[in-house]
Amino acid sequence: MTKETAGAQPGRDFIRDIIDADIAAGRNTDVVTRFPPEPNGYLHIGHAKAICLNFGVAQEYGGRCHLRFDDTNPTKEEQEYIDSIKHDVRWLGFDWGPHLYYASDYFEQLYDWAEHLIRAGKAYVDDLPAEEMRAMRGSLTEPGRNSPYRDRSLDENLDLFRRMRDGEFPNGARVLRAKIDMAAGNINLRDPVLYRILHAEHPRTGKKWCIYPTYDFAHGQSDAIEGVTHSLCTLEFEDHRPLYDWLIENLPAPSRPRQYEFARLNLNFTVLSKRFLTELVREGRVSGWDDPRMPTLAALRRRGVPPAAIRNFVRSVGVARANSVVDVAMFEHAVRECLNKTSQRRMAVLRPLKLVIENYPIGVIEELAAVNNPEDPASGTRRIAFGRELYVEAEDFMEHPSPSFYRLSPAREVRLRYGYLVTCREVVKDAAGEVMELICTYDPATYGGNAPDGRKVRATLHWVSAVHAVPAEIRLYNPLFNAPDPGAGGDFLADLNPRSLEILTQSRVEPALAAAGQGEAVQFERQGYFCADLDSTPKRLVFNRTVGLRDSWAKARASGG
RNA sequence: UGGGGGAUCGUCUAACGGUAGGACAGCGGACUCUGACUCCGCCAGUCUAGGUUCGAAUCCUAGUCCCCCAGCCA
């Protein structure tokens with residue numbers, strides 16, 4: 001495990017306080033948690049919070065955390081999602097060991113418990129069509145009314161429920177409902193549906209079932225079966241807790257789990273709702289679930305975000321019960337912090353401008369030593385080729401520099417990193433007045449970048465040798481949305497940032513980068529952190545910008561400095 | 001005149017009746033062969049009004065504002 005985010009001490013939050021108290025009071029001897037995704041989409045950074053919390057807590061208390069798929073709705077769930085979720089949880093750095101479960105593992109037991117409730121007079125089969133059931137549920141301010149089917153005999157209920165299972169009825173014809181209280185202030189207690197008829201093939205149980213338990217009937221019971229002690233979920237399930245408890249208390253549950261709710265993670269300039277993410281994918285607004293602009297774990301991985309950065313970020317955000325929106329800057333900070341320590345430095349010129357050193361001998365190539373990672377001396381140095389013709393970053397030159405611009409400009413001397421001090425002598429332009437090339441001279445006495453007379457230059461530029469550099473495509477990502485709360489205006493697609501992806505095709509990179517492994521993070525000096533994309537091949541290099549370096553110059557420039 | 005939650009610097013989060021602290025962001029400076037990193041400094045907060053108390057973010061009372069719930073979704 002990498003070093004923790006500064007200032008973010010591992011886990012002190014109300015959840016851990018509760019567990020401490022439970023242990024101190026002897027209510028629990030061990031801690032069992034679970035991460036219970038529904039396999040109907042890809043995991044995203046918000047899930048990372050739940051994953052880190054559940055697995056983290058289990059780890060800290062020497063307990064265990066189960067991965068359990070909440071696969072109770074076959075009309076929405078797919079094997080593809082099951083596979084991706086397992087992959088992503090593992091990638092994030094967590095291990096469920098042998099504890100991989102599915103709510104569908106418990107369908108038979110759940111069915112038996114449903115009959116148990118019927119026999120106890122606490123559940124009944126209702127023939128009301130969905131619309132009528134809704135109408136009779138009442139409203140937020142008015143109580144509901146009892147269904148005319150509420151007082152069927154036990155035998156009739158049992159018979160009907162069995163025939164539901166046997167497939168005698170079409171979808172929606174009947175449901176099994178808990179008999180609780182149609183006048184309850186908490187709408188979840190107004191005879192909630194426990195089972196519905198769904199003639200659909202399930203990714204795991206195939207065609208065995210045509211009735212499926214609802215979330216409420218499956219979740220808490222699955223927890224009890226698995227011996228989960230602390231069932232952690234998000235705030236919107238708070239209202240379900242009385243039902244969760246009611247079911248456990250009215251069933252011969254093998255253990256007594258407790259549900260606790262925490263606030264889900266929200267990020268500004270980001271959407272995390274499954275519906276919105278699915279829509280982005282289905283409508284082709286992004287290239288897929290792993291489009292590097294997406295907040296999914298698959299996308300972050302492709303973009304080059306290390307799992308440790310996500311873990312540190314989640315830790316730094318904390319766990320509380322108040323709704324909140326975290327600034328994405330905090331996430332980017334965690335990414336930079338992690339990458340700064342671990343990534344090798346390379347030179348890459350995103351928008352090349354040719355620089356010719358007129359007094360440098362033609363045909364001569366020098367090998368210069370470049371530090372791989374100043375944060376990690378053990379990473380050593382590499383050799384880079386220097387010659388008469390180079391490329392520098394176009395934005396590192398200004399013909400008429402503003403006062404705060406201290407990079408290259410006519411007659412000004414700067415350092416080429418690890419190379420020499422060069423002075424711009426002439427600006428070559430095309431007919432349209434575009435700067436095409438810079439003619440410079442170098443000071444041979446400044447080999448390696450140091451002047452023997454001790455004179456200083458303000459700027460150090462990155463560069464590549466024109467004959468050695470290899471072409472690459474570079475993809476620059478900007479926020480997918482340009483509104484802090486996408487969709488607040490009614491249509492989240494209207495808030496899409498048209499410049500969320502910028503593709504640079506003329507870039508030239510240091511030859512060593514041709515060997516960069518996919519997903520391996522590198523820092524392009526003075527630019528940011530990058531990694532080879534999935535699309536990258538030895539013949540056609542493609543790099544993603546994971547995140548840019550902090551850039552006080554860009555900031556000053558933007559504010560008119 | 002339903003039920004359930006929540007309000008602490010711009011943002012996220014600590015405090016468990018005893019100096020309101022940290023992180024991010026912002027601003028300023030030092031350092032620098034990355035306008036990066038690092039370091040230093042500054043800015044900035046207890047929703048309101050009462051009450052209890054030697055002492056209140058914390059306890060009490062009354063308000064205000066925000067979030068969630070009327071799927072046979074999870």
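Computation of the quantities below employed the complete heavy-atom set of this structure, encompassing side-chain atoms and omitting hydrogens, waters and symmetry-equivalent molecules. Proteins come first, then strands; the chains are lettered A, B, ... in the order of their sequence lines, and each starts at number 1.
Comparing B/A74, B/G35, B/A70 by their closest approach to the side chain of A/Tyr406 singles out B/G35. The A/Ala130 side chain lies nearest to B/C72 when the options are B/C72, B/G35, B/C69. Distances were taken from every side-chain heavy atom of A/Met330 (C-beta onward) to each of B/U34, B/G2, B/A23; the shortest belongs to B/A23. Of the candidates B/A36, B/G2, B/G6, the closest approach to any side-chain atom of A/Ala322 belongs to B/G6. Distance from the side chain of A/Arg134 is smallest for B/A70 among the nucleotides B/A36, B/A70, B/A25. Distance from the side chain of A/Glu375 is smallest for B/C37 among the nucleotides B/C37, B/G35, B/U11. Set against B/A36, B/C37, B/U34, the side chain of A/Asn340 has B/C37 as its closest nucleotide. In the set B/C69, B/C72, B/U34, the nucleotide with an atom closest to the side chain of A/Val175 is B/C72. Distances were taken from every side-chain heavy atom of A/Ile187 (C-beta onward) to each of B/A70, B/A74, B/A14; the shortest belongs to B/A70. Picking from B/U13, B/G2, B/G35 the nucleotide with the shortest atom distance to the side chain of A/Ala320 gives B/U13.
Pairs passing the ring-ring contact (aromatic ring centres under 6.0 Å, His included) check and including a residue from residues 127-146 of chain A, sequence neighbours excluded, do not occur.
For B/U34, neither phosphate oxygen OP1 nor OP2 lies less than 4.0 angstrom from any side-chain nitrogen or oxygen of A/His462. Between B/A74 and A/Thr72, a contact under 4.0 Å exists linking OP1 or OP2 to a side-chain N or O. Regarding contacts with the backbone of B/G26, a side-chain N or O of A/Lys555 is found under 4.0 angstrom from either OP1 or OP2. One finds a side-chain N or O of A/Arg196 lying less than 4.0 angstrom from the OP1 or OP2 phosphate oxygen of B/A74. Taking only side-chain nitrogens and oxygens, A/Arg336 never comes nearer than 4.0 Å to OP1 or OP2 of B/A36. Phosphate contact (OP1/OP2 of B/U13, side-chain N/O of A/Ser324, threshold under 4.0 Å): present. Between A/Ser316 and B/U13 there is no side-chain N or O to OP1 or OP2 distance below 4.0 Å. Applying the 4.0 Å criterion to OP1 and OP2 of B/G71, one finds that A/Arg137 has a side-chain N or O inside that range. For B/G6, the OP1/OP2 oxygens have a side-chain nitrogen or oxygen of A/Arg321 closer than 4.0 Å. One finds a side-chain N or O of A/Arg550 lying less than 4.0 angstrom from the OP1 or OP2 phosphate oxygen of B/G26.
Residue contacts for A/Pro374: at a heavy-atom cut-off of 4.0 Å it reaches a base atom on one of the strands shown. A/Pro129 comes within 4.0 angstrom of a nucleotide base, judged by non-hydrogen atoms across all strands. Within the 4.0 angstrom heavy-atom criterion, no nucleotide atom of any strand lies near A/Phe331. Residue contacts for A/Val371: at a heavy-atom cut-off of 4.0 Å it reaches no nucleic acid atom on any strand shown. No engagement by A/Val457 is indicated, since no non-hydrogen atom pair under 4.0 Å with the nucleic acid exists.
Distance check on atom P: B/U1 versus B/U11 gives 30 Å, rounded to whole Å. Distance check on atom C1': B/G55 versus B/A44 gives 26 Å, rounded to whole Å. Atom C1' of B/G17 sits at a distance of 8 Å from the matching atom of B/C59, rounded to the whole Å. Look at the C1' atom in both B/C40 and B/C31: the space between them is 11 Å, to the nearest Å.
A salt bridge links A/Arg321 with A/Glu261: the distance from a Lys NZ or Arg NE/NH1/NH2 to an Asp or Glu carboxylate oxygen falls below 4.0 Å. Classification of A/Arg152 and A/Asp127 as a salt-bridged pair holds, one side-chain N sitting under 4.0 Å from a carboxylate O. Ion pairing between A/Glu525 and A/Arg346 fails under the 4.0 Å rule for side-chain N and carboxylate O.
If you check distances only, the side chain of A/Asn40 never reaches the base of B/C73 with a donor-acceptor pair under 3.5 Å. No hydrogens or angles were tested; on distance alone, nothing pairs the side chain of A/Gln527 with the base of B/U34 as donor and acceptor under 3.5 Å. Residue side chain A/His240 reaches the base of B/A74 through a donor-acceptor N/O pair under 3.5 Å, judged by distance alone. The base of B/G3 sits with one of its N or O atoms less than 3.5 Å from a complementary donor or acceptor on the side chain of A/Asp239.
As a whole-Å value, the separation of A/Arg417 CZ from B/G35 C1' is 13 Å.
Relative to the ring axis of A/Tyr111, A/Arg165 places its NZ or CZ within 45° and under 6.0 Å from the centre. For A/Arg68 and A/Tyr101, the positive end is not near the middle of the six-membered ring at less than 6.0 Å and at most 45° from its axis. Judged by a 6.0 Å distance limit and a 45° cone about the ring axis, A/Arg458 is positioned over the six-membered ring of A/Tyr406.
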>> Wobble G-U and Watson-Crick pairs count when both distances are under 3.5 Å; given that, what is the 5' to 3' dot-bracket string of RNA chain B, with | for pairing to other strands?
In response: .((((((..((((....[..)))).(((((.......)))))....(((((..]....))))))))))).....
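Look at B/G71: its glycosidic torsion is within 90° of 0, and that puts it in the syn range.
Under 3.5 Å, the side chains of A/Arg526 and A/His462 contain a donor-acceptor pair of N or O atoms.
The ring of A/Trp553 lies on top of the base of B/G35, close enough and flat enough: under 5.5 Å between centres, under 30° between planes.
The environment of CZ in A/Arg264 is sparse: at most 12 heavy-atom neighbours from other residues, nucleotides or ligands sit within 6.0 Å.
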